[in-house]
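Order of the sequence lines sets the chain letters (A, B, ...), proteins ahead of strands, with each chain counted from 1. These numbers come from the heavy atoms of this one structure, side chains and all, not from hydrogens, waters or symmetry mates.
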2 protein chains.
Amino acid sequence: MLKISKKADYALMALQHIAAVQFGDVTPGRVVNTKEIAEEYNIPLELLAKVLQTLAKNALIESHNGPKGGYLLARRAHQITIAQILESIEGPLGITDCSHEKDGEFCMQRENCHIRTPLLKVQDSIAQLLNNMTLQDMMGGTPLITIQSPTAQGVER
Amino acid sequence: MLKISKKADYALMALQHIAAVQFGDVTPGRVVNTKEIAEEYNIPLELLAKVLQTLAKNALIESHNGPKGGYLLARRAHQITIAQILESIEGPLGITDCSHEKDGEFCMQRENCHIRTPLLKVQDSIAQLLNNMTLQDMMGGTPLITIQSPTAQGVER
DNA sequence: ATGATCTCCGATCAATAAGGTCGGACTAAG
DNA sequence: CTTAGTCCGACCTTATTGATCGGAGATCAT
């Protein structure tokens with residue numbers, strides 16, 4: 001349950017790789033293309049391309065066309081949150097269907113629903129978790145994750 | 001993204017309702033059948049039945065057959081965690097595909113995968129969150145219109 | 001300047017899982 | 001024993017995800 005899609009997985013791998021190349025010690029500032037990532041991680045080429053297109057459309061990376069072209073991070077690694085990446089691919093975070101109801105829309109169970117409020121608190125906790133974790137935290141070192149539990153007890157790491 | 005299925009939603013509603021009836025003030029200990037829940041929350045009857053069957057198979061509720069039959073909570077509300085409910089319906093928690101790899105199974109990206117470890121930490125945080133929240137925390141009735149009672153607040157343990 | 005090549009881009013198709021439905025089996029009351 | 005009401009298991013339909021194909025734009029070499 002709560003599994004993220006393959007595409008989101010690929011997006012995380014790709015961004016991690018791009019960041020590693022771009023800010024790494026070997027060839028800093030180098031542009032990295034789709035084929036390189038696909039071969040490195042055994043990802044279907046055309047599918048990865050589609051993922052990167054989406055990321056570019058959401059201004060997480062910049063695309064440079066033509067030979068010697070490829071992708072570049074649009075921002076610094078610590079300014080790109082995991083939440084932004086996942087939401088770019090899979091749409092806004094929503095544990096329940098009624099999470100983002102506009103005015104006038106109701107689910108059929110809304111009137112007597114007792115589980116909406118607690119579930120929204122769970123959702124907020126997960127949102128905080130994903131928003132407080134950046135691409136930088138995925139680079140090399142061990143990240144520090146903090147989560148605010150709705151049961152008013154902090155859970156660490 | 002990270003949306004739980006309708007069936008899981010229905011499971012939560014049903015269990016909340018059963019708990020409310022069973023430990024409520026009106027008719028404590030009463031057995032509640034599928035039809036009652038389906039009508040109360042506008043859930044497709046046959047689908048809800050399937051959900052309740054699964055919950056019974058996982059020993060979260062007890063099924064009593066025949067006329068005047070129905071379902072009963074197998075344990076106290078505070079001993080049933082949200083994680084147990086969701087996992088009964090949707091299977092074990094797994095953010096990534098490689099979360100529960102047995103020995104010998106590897107995803108194609110495993111060798112160079114830099115995102116596995118951080119993602120597993122995210123997964124652990126969510127697991128703790130869901131394990132620390134019980135069905136009891138969903139009781140206390142904060143539906144759509146009612147005012148929150150300071151004593152009967154939904155999300156404290 | 002121009003051709004050729006490499007890249008990104010949008011639309012299309014197949015596989016999988018979810019959502020929903022049907023009829024049968026069992027139990028207990030009358 | 002009959003009958004009504006319940007749970008139970010297998011089946012079908014629809015939606016989402018995963019994967020694919022051909023075309024458009026841009027850059028470099030000639």
Side-chain angles (χ1 to χ4, degrees), chain A residues 1-11 13-14 18 30-39 41-72 74 86 88-92 94-97 107-109, chain B residues 1-11 13-14 18 30-39 41-72 74 86 88-92 94-97 107-109:
Chain A
M1 75 190 218
L2 290 182
K3 186 161 58 182
I4 65 178
S5 67
K6 290 258 190 192
K7 284 194 280 191
D9 247 349
Y10 297 157
M13 292 186 202
I18 295 175
R30 203 189 90 220
V31 181
V32 47
N33 62 14
T34 307
K35 189 179 177 185
E36 173 182 334
I37 303 177
E39 289 179 350
Y41 301 97
N42 291 94
I43 301 174
L45 177 68
E46 308 297 341
L47 180 56
L48 177 62
K50 197 163 137 48
V51 170
L52 292 176
Q53 290 166 27
T54 307
L55 292 176
K57 194 178 298 179
N58 284 84
L60 288 175
I61 52 179
E62 292 176 1
S63 70
H64 292 270
N65 214 334
K68 292 287 189 179
Y71 290 100
L72 231 66
L86 295 181
S88 293
I89 303 296
E90 298 197 336
I95 294 288
T96 71
D97 285 332
C107 74
M108 227 27 57
Q109 296 84 23
Chain B
M1 72 189 219
L2 290 182
K3 186 162 58 182
I4 65 178
S5 67
K6 291 259 188 192
K7 285 195 277 191
D9 247 349
Y10 296 156
M13 291 186 203
I18 295 175
R30 205 188 89 222
V31 181
V32 46
N33 62 14
T34 306
K35 189 180 177 185
E36 174 183 334
I37 303 177
E39 289 178 350
Y41 300 97
N42 290 95
I43 301 174
L45 177 67
E46 309 297 342
L47 180 56
L48 177 61
K50 196 162 136 51
V51 170
L52 292 176
Q53 290 166 28
T54 306
L55 291 177
K57 194 177 298 180
N58 284 85
L60 287 175
I61 54 179
E62 291 177 1
S63 70
H64 291 269
N65 214 333
K68 293 287 189 178
Y71 290 100
L72 231 66
L86 295 181
S88 292
I89 303 297
E90 299 197 334
I95 295 288
T96 71
D97 285 332
C107 74
M108 226 31 51
Q109 297 83 23

5' precedence on DNA chain C between B/Leu48 and A/Gly69 (nearest-nucleotide basis): A/Gly69

Residue mapping more 5' on DNA chain C - nearest nucleotide basis, B/Lys68 or B/Glu90: B/Glu90

Where the side chain of [X] is concerned, which of [options] is the nearest nucleotide?
X	options	value
A/Asn33	C/dG20, D/dC8, C/dT7	C/dT7
B/Ser63	D/dC8, C/dT27, C/dT21	D/dC8
B/Lys57	D/dG9, C/dC9, D/dG18	D/dG9
B/Ser5	D/dC8, C/dC9, C/dA18	C/dA18
A/Leu47	C/dC22, C/dC9, D/dG18	D/dG18
B/Pro67	C/dT7, C/dG19, D/dG5	D/dG5

Separation of [N] [atom2] from [X] [atom1] (nearest whole Å):
X	N	atom1	atom2	answer
A/Leu72	C/dT7	CG	P	15 Å
A/Glu46	C/dC8	CD	C1'	10 Å
A/Leu52	C/dC9	CG	P	9 Å
A/Lys6	D/dT16	NZ	P	20 Å

Please tell me if [X] has a side-chain N or O lying less than 4.0 Å from either OP1 or OP2 of [N].
X	N	value
B/Thr34	D/dC7	yes
B/Tyr10	C/dG20	yes
A/Tyr71	C/dC9	yes
A/Asn65	D/dG25	no

Could you give the distance from [atom1] ([X]) to [atom2] ([Y]), rounded to the nearest 0.5 Å?
X	Y	atom1	atom2	result
A/Lys50	A/Ile89	NZ	CD1	9.0 Å
A/Leu47	A/Thr34	CG	OG1	11.0 Å
B/Glu62	B/Tyr71	CD	OH	12.0 Å

Donor-acceptor contact present, side-chain B/Glu90 to main-chain B/Ile4, <3.5 Å: no

Touch class at under 4.0 angstrom, heavy-atom based, for A/Lys35 against every strand present: nothing

